[in-house]
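Written below as structure tokens is the structure these notes are about.
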Amino acid sequence: MKQHRPKPGTKEFDDWLLERAEARSKELFKNGPADFDERGAISGSEESLTSTDAEAFPDELEEYRPEERKPRLVPKKKKD
């Protein structure tokens with residue numbers, strides 16, 4: 001049976017969320033510590049595990065190697 005979800009921001013919601021988190025934690029670790037080789041990723045997708053930092057964070061230039069970075073464009077000066 002699905003539990004009723006209390007309104008977020010209330011004490012009942014905090015208690016409900018803590019109860020769900022504890023139940024999920026017990027389920028994940030009932031067979032001992034999580035081992036990636038035996039159980040796979042606990043959260044996230046396979047794509048997030050196989051993507052490079054540059055693919056995962058395309059807006060952060062420091063994640064790119066210098067040869068992968070776009071050249072800096074300098075506007076031409078106007079002639080007077």
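The residues of the chain are indexed from 1 along the displayed sequence.
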Item to check | Euclidean distance, Arg20 CZ relative to Asp15 CG, rounded to 0.5 Å | outcome: 14.0 Å
Checklist entry - Atom CZ of Arg5 and atom CZ of Phe13: how far apart are they, to the nearest 0.5 Å? => result 4.5 Å
Next on the checklist: So, using salt bridge (Lys or Arg N to Asp or Glu O under 4.0 Å) as the criterion, who are the partners of Lys7 when residues are at least two apart?
Outcome noted: none
Checklist entry - side-chain contact (heavy atoms from CB on, under 4.5 Å) with Ser25: which residues, sequence neighbours excluded? => result Phe29
Checklist outcome for this item: Output for pair (Arg24 CZ, Glu27 CD), nearest 0.5 Å, gives 5.0 Å
